[in-house]
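The figures here come from the full heavy-atom set of this structure, side chains too, leaving out hydrogens, waters and symmetry mates. Protein chains get the first letters and strands the later ones, always in sequence-line order, with residue 1 at the start of each.
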Amino acid sequence: MTGAPAPKFAAAARVALADTRARRELRAAAAVFGRRRAAVPEPPDWEALRAAGHAIRDAALLGLDAHLERLERAVTQAGGTVHWAADAAQARRVVTALSRAAGADRVVLDDSLPVRELALDAALSRAGITTAGPPARGADPGGEAEDGGGAARVAVAGVDFMVAETGTLVFVEAGDEPRASGGEAETLVAVAGIETVVPEWRDMEVLLQLLPRSLTGERMTALVTCLTGVVPGDGPREVHLVLVDNGRTRVLEDEIGRDALRCIRCRACHHVCPVYERTGGAPYGPVHTGPIGAILTPQLRGVESAAAASLPYASTLCGACADVCPVRIDIPEVLVHLRGEVVESRRARPVPPPELVLMRGLAWTMGEPRRYEAALRRGTRWARLAARGGRIRRLPGLLGAWTDARDLPAPPAEPFRAWWARRRR
Amino acid sequence: MSARDEVLRRVRSALGDERKPPPPVPRGYARRSAEPRADVVALFTERVAEGGAAVRHVGADELATAVAAALWGREVKRIAVPADVPYGWLAELDGVRALADSPPLDAAALAAVDGVVTGCAAAIAPTGTVVLDGGRAQGRRALVLAAARHLCVVHADQITATVPEAVARLDPVRPLTWITGPRGARGLEVLVVED
């Protein structure tokens with residue numbers, strides 16, 4: 001799965017920004033979400049729910065090993081089977097092997113995040129298994145028989161929450177994205193990131209209020225399914241749960257960065273982000289997008305690649321995402337923390353990056369008042385020459401990268417320090 | 001090392017040896033409600049209607065007539081019902097064929113019915129949600145989800161005033177289906193029985 005290195009965010013965003021139709025659609029989508037959310041008044045205990053959601057997700061992460069073991073016991077006791085995958089390749093092998101063992105040549109696959117993250121569609125196709133999306137519920141059921149013999153024997157579905165206490169898998173379906181968790185298939189393969197566990201059943205009383213409002217702006221999503229193991233006579237005869245790490249434990253190592261794993265995948269941060277509203281999802285990479293993607297992807301993949309390292313900079317740090325996050329992830333704080341990581345990881349390189357050279361030069365200049373004042377006078381003169389109409393649109397040379405995405409106000413004719421000195425005379 | 005041991009080893013190493021216990025969960029949100037029952041039932045009705053589903057209040061003695069009228073109004077000719085649906089609900093049907101899901105109807109039989117009539121395990125007033133758990137008069141999930149129309153009978157005492165009350169009342173070991181509003185072509189109609 002290697003190819004040309006992925007482009008940096010700014011380069012990929014340029015393509016997206018040129019697509020005016022896509023930008024109009026993104027703006028319209030954000031407006032629809034805003035209207036829907038505004039139509040449903042915020043419940044009076046919303047802040048208390050956010051505080052509880054924050055604490056529940058923290059408790060899940062800080063005791064993750066114990067919760068996963070408890071979950072495994074509960075699922076197994078209820079007649080399900082638990083599989084573990086340290087990385088995406090292992091997860092793909094498990095899902096493919098389970099589909100084959102069930103004798104399926106056709107698998108129903110939903111469009112959930114773990115399914116996309118693991119590229120299960122492509123993996124199953126390579127194994128000679130046909131994949132199909134789940135049927136829209138309420139669609140004419142007669143149409144299904146025409147495309148090859150009714151319901152598929154195997155359904156692969158992404159899990160939204162798993163309850164350690166009871167072994168319950170929770171699937172949250174918005175009206176327009178049907179999940180494969182319905183009762184039709186004989187074998188259900190549920191795929192979950194290990195971080196989606198919550199300690200107790202009663203924690204769902206909080207998350208099932210936070211997620212719907214943040215996901216679709218409604219009081220409750222159209223369909224929520226809670227499934228605990230195998231139920232005789234109802235639904236799949238085999239239930240498999242695949243627990244996937246694939247970089248998550250790496251995120252867990254970082255005490256600040258791990259806050260990103262609280263995410264309940266609602267996309268509320270997307271709808272309020274001024275950067276996402278203009279670029280859309282594509283420049284963030286294939287899986288995690290928007291502000292949450294900008295803090296998750298660099299941690300899951302590491303900041304060594306230029307594409308991942310550019311993501312913490314894909315933000316104006318306006319803070320709208322932190323205000324709207326139902327589990328109170330402080331995305332700007334993590335962004336700044338990750339910018340620090342990116343700088344640190346480049347400090348050790350044999351050829352220092354331009355910013356570092358510039359900053360060292362500035363440190364030398366500002367270390368001595370006379371040097372600083374002389375530089376200020378000279379700099380002001382040059383800067384005023386480069387300005388047009390009070391703004392500098394393009395800086396020369398390497399500094400030009402800074403003015404790629406912003407302009408710079410021209411400095412006043414007389415620097416503050418010169419004015420101060422004159423006034424006191 | 002198995003994948004299981006490897007993942008658990010990584011989790012433990014990421015969290016380190018000196019773990020702080022997580023702070024307790026502040027549960028200061030609305031868990032119970034002291035609202036009068038009549039207001040809770042009225043809120044449920046309002047929210048179901050807001051969601052676009054038809055909703056009617058009926059007395060227990062009018063239920064059979066109301067079921068028949070609702071089906072007649074939608075020109076429903078064939079329905080599927082859970083095998084243990086109370087006989088009284090269907091006593092007034094005229095010109096509607098009811099197929100009991102026992103033995104389980106196959107996909108072709110389900111595709112041929114116009115709707116399904118069920119009860120529920122709980123309902124949630126502030127969200128206008130009905131929750132089915134496969135218990136009495138509710139049937140299996142495939143029966144409920146496959147039908148193009150769903151007529152759901154809710155007893156007034158099943159309606160909870162908050163989401164936490166419903167979560168406390170429901171048994172997570174049973175298969176739960178939370179249905180809120182009609183979806184696309186799938187119709188939902190609710191009869192609230194005042195006992």
Side-chain angles (χ1 to χ4, degrees), chain A residues 43-45 48-49 51-52 55-56 58-59 62-65 68-69 78 83-86 90 136-142 145 150-151 163 166 168 175 182-184 194 201-206 208-209 218-228 231 233-235 243 245 249-250 252-253, chain B residues 2-4 6-8 10-15 19-31 47 104 107-108 110-111 124 126-129 131 134 140-148 162-164 166-168 170 172-187:
Chain A
D45 59 347
L49 285 167
I56 287 166
D58 266 352
L62 294 175
L64 189 58
D65 48 349
L68 289 174
E69 285 180 308
H83 309 259
W84 301 69
Q90 268 182 13
R137 299 209 192 287
D140 174 18
V163 183
T166 55
T168 306
E184 300 89 351
I194 50 173
W201 167 243
R202 72 165 175 171
D203 294 334
M204 294 315 303
E205 72 190 23
V206 175
L208 283 179
Q209 294 188 75
E218 295 162 310
R219 293 186 176 93
M220 186 59 75
T221 38
L223 196 68
V224 176
T225 303
C226 307
L227 193 61
T228 306
V231 185
D234 188 345
L243 297 173
D245 176 354
T249 46
R250 183 179 176 154
L252 195 64
E253 272 170 28
Chain B
S2 72
R4 176 185 189 278
E6 172 63 14
V7 173
L8 287 172
R10 287 187 197 167
V11 171
R12 291 188 180 117
S13 128
L15 291 171
R19 287 196 212 173
K20 287 172 283 181
V25 176
R27 297 194 189 261
Y29 49 86
R31 303 194 66 196
R47 290 288 150 88
L110 281 181
I124 308 170
T127 61
T129 304
V131 187
R140 57 197 170 103
R141 291 185 301 142
L143 179 75
V144 176
L145 294 176
T162 63
V163 174
V167 168
L170 292 164
V173 170
R174 306 188 68 95
L176 304 180
T177 307
W178 303 43
I179 299 168
T180 307
R183 318 204 308 139
R186 186 180 186 283

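Neither the backbone nor the side chain of B:Pro104 has a heavy atom closer than 4.5 Å to any heavy atom of chain A. Of the two parts of A:Leu243, neither the backbone nor the side chain holds a non-hydrogen atom closer than 4.5 Å to a non-hydrogen atom of chain B. The part of B:Thr129 that comes within reach of chain A is its side chain, from C-beta onward, which places non-hydrogen atoms under 4.5 angstrom from that chain. In this structure, the portion of B:Arg174 lying under 4.5 Å from any heavy atom of chain A is its backbone and not its side chain. Of the atoms belonging to A:Ala78, not a single heavy atom falls under 4.5 Å from chain B. Residue contact with chain A, scored on non-hydrogen atoms closer than 4.5 Å, is absent for B:Pro21.
Proximity of A:Glu205 to B:Tyr29: side-chain heavy atoms (C-beta onward) are separated by under 4.5 Å at one or more points.
Remark: A:Asp203 engages B:Arg27 in a salt bridge, criterion side-chain N to carboxylate O under 4.0 Å.
In terms of heavy-atom pairs under 4.5 Å with chain B, the best-connected choice from A:Asp245, A:Val163, A:Asp58, A:Ile194 is A:Asp245. Contact tally against chain A (heavy-atom pairs below 4.5 Å) for B:Ala168, B:Pro23, B:Ala30, B:Gly181: the top residue is B:Ala30.
Note that the CZ atom of A:Arg219 and the CD1 atom of B:Ile124 stand 13.0 Å from one another [nearest 0.5 Å]. Of the inter-residue distances, the one linking B:Thr162 atom OG1 with A:Asp45 atom CG reads 9.0 Å to the nearest 0.5 angstrom. One finds the CG atom of B:Leu176 at 10.5 Å from the CE atom of A:Met204 (value rounded to the nearest 0.5 Å). Here B:Ile179 contributes atom CD1 and A:Thr221 contributes atom OG1; the two are 12.0 Å apart, rounded to the nearest 0.5 Å. In this structure, CG on A:Leu64 lies 13.0 Å from CZ on B:Arg10, to the nearest 0.5 angstrom. Considering CG of A:Leu208 and OG1 of B:Thr127, their distance stands at 10.0 Å, rounded to 0.5 Å.
Heavy atoms only, all atoms of each residue included: B:Arg140 and A:Gly233 are closest at CD-O, 3.7 Å. Of all heavy-atom pairs spanning A:Trp201 and B:Val167, the tightest one is NE1-O, 3.0 Å. Here the shortest heavy-atom pairing between A:Ala86 and B:Glu6 reads CB-CG, 4.2 Å. What you find for B:Val25 and A:Ala55 is that their closest heavy atoms are CA-CB, 3.8 Å. Between A:Gly63 and B:Arg19 the shortest heavy-atom distance is CA-NH1, 4.1 Å. Shown here for B:Pro175 and A:Leu227, the closest heavy-atom pair between the two residues is CB-CD1, 4.2 Å.
Listed for the B:Trp178 side chain is no donor-acceptor partner under 3.5 Å among the backbone atoms of A:Cys226.
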Side chain to side chain contact (heavy atoms under 4.5 Å, CB included) between B:Lys20 and A:Leu62, worked out: CA-CA 8 Å; B:Lys20 287 172 283 181; A:Leu62 294 175; over 6 Å; no
